[in-house]
Amino acid sequence: DPWGDLETRCLIAQVSLARNERTARELVKQLDEIEPDEAEPRQHRYLTRAWLYQREEKWEEAGRELQLARAVYPDRMRAGDHTPQLIARFHEMTWEAPARGLIDDWLDDIESTNNFQSTEVFVGT
């Protein structure tokens, strides 16, 4: 199942990113091995890439991935199942333009549509 395989790989890569492990870049690169038809796993892949670029302080690339993530659904107010939690987590991290503004706007939209009630998340190390 390509969807499940990609989602699993995204989660493993996100754990590596959260732990600031050296393996994160390779794990994120492996996400490109699968091309699902569904929007949700594609959105999660873009968000995971954005996180890698955040760690590498590549703000233009991070912004591009955030824009791609936001555009996977025709209705920009729609989001994948754990996208609101990722955006809330990203909001607590250091980002620079253009990525910072994209995250702030997306979180405002999520909160205004009651897709997510709290921005309190565990950021961890």
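For clarity, every value in this text was computed on a predicted model and none was experimentally measured.
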Run the salt-bridge test on Arg76 and Asp105 with the 4.0 Å N-O cut-off and return the result as yes or no. no
With a 4.5 Å cut-off on side-chain heavy-atom distances among I, L, V, M, F, W and Y, is there a chain of contacts connecting Leu52 to Ile12? no
Using a 4.5 Å cut-off on heavy atoms from C-beta on, say whether the side chain of Gln43 contacts that of Glu40. no
For residues Tyr73 and Ala39, report the shortest heavy-atom separation together with the two atoms involved. CE2-CB, 3.6 Å
Leu6 versus Ile34, closest heavy-atom pair with distance: N-CD1, 3.8 Å
If you define the side chain from C-beta out and look only at heavy atoms, does anything of Asp109 sit under 4.5 Å from Thr113? no
With under 30° as parallel and over 60° as perpendicular, where do the rings of Trp95 and Phe90 fit, or are they tilted in between? tilted
To the closest 0.5 Å, what do you measure between CE (Met93) and CD1 (Ile103)? 8.5 Å
Any non-hydrogen side-chain atom of Arg25 less than 4.5 Å from a side-chain atom of Val28? no
Look at the side chain of Arg42 and the backbone N and O of Ala69, then say whether any donor-acceptor pair between them is shorter than 3.5 Å. no
Tell me if a side-chain donor or acceptor on Thr48 pairs with a main-chain N or O of His44 at a distance below 3.5 Å. yes
For the residue pair Arg70 and Leu102, establish whether any side-chain heavy-atom pair is separated by less than 4.5 Å. no
Same apolar cluster: Leu86 and Leu11, side chain cutoff 4.5 Å: no
Short side-chain to backbone donor-acceptor contact, Glu38 and Trp3, under 3.5 Å: no
Do Ile110 and Leu66 belong to the same hydrophobic cluster, where Ile, Leu, Val, Met, Phe, Trp and Tyr are linked whenever their side-chain heavy atoms lie under 4.5 Å apart, directly or via other members? yes
Hey, any chance Ile87 and Leu17 share a hydrophobic cluster, counting ILVMFWY side chains that come within less than 4.5 Å of each other, even indirectly? yes
Arg9 vs Gln14 side-chain heavy atoms within contact, under 4.5 Å: no
Would you be so kind as to tabulate the donor-acceptor pairs closer than 3.5 Å made by side chains of residues 57-65, with sequence neighbours excluded?
residue	atom	partner	partner atom	Å
Lys58	NZ	Glu56	OE1	3.4
Trp59	NE1	Glu96	OE1	3.4
Glu65	OE1	Arg49	NH1	3.2

Is there a donor-acceptor pair closer than 3.5 Å between any side-chain N or O of Ser16 and the backbone N or O of Ala13? no
Report yes if the side chains of Ser112 and Met77 come closer than 4.5 Å at any heavy-atom pair, otherwise no. yes
Going from NZ on Lys29 to CD on Glu33, what distance comes out if it is rounded to the nearest 0.5 angstrom? 9.0 Å
Gap between atom CG of Leu47 and atom CG of Leu68 - 0.5 Å precision: 10.0 Å
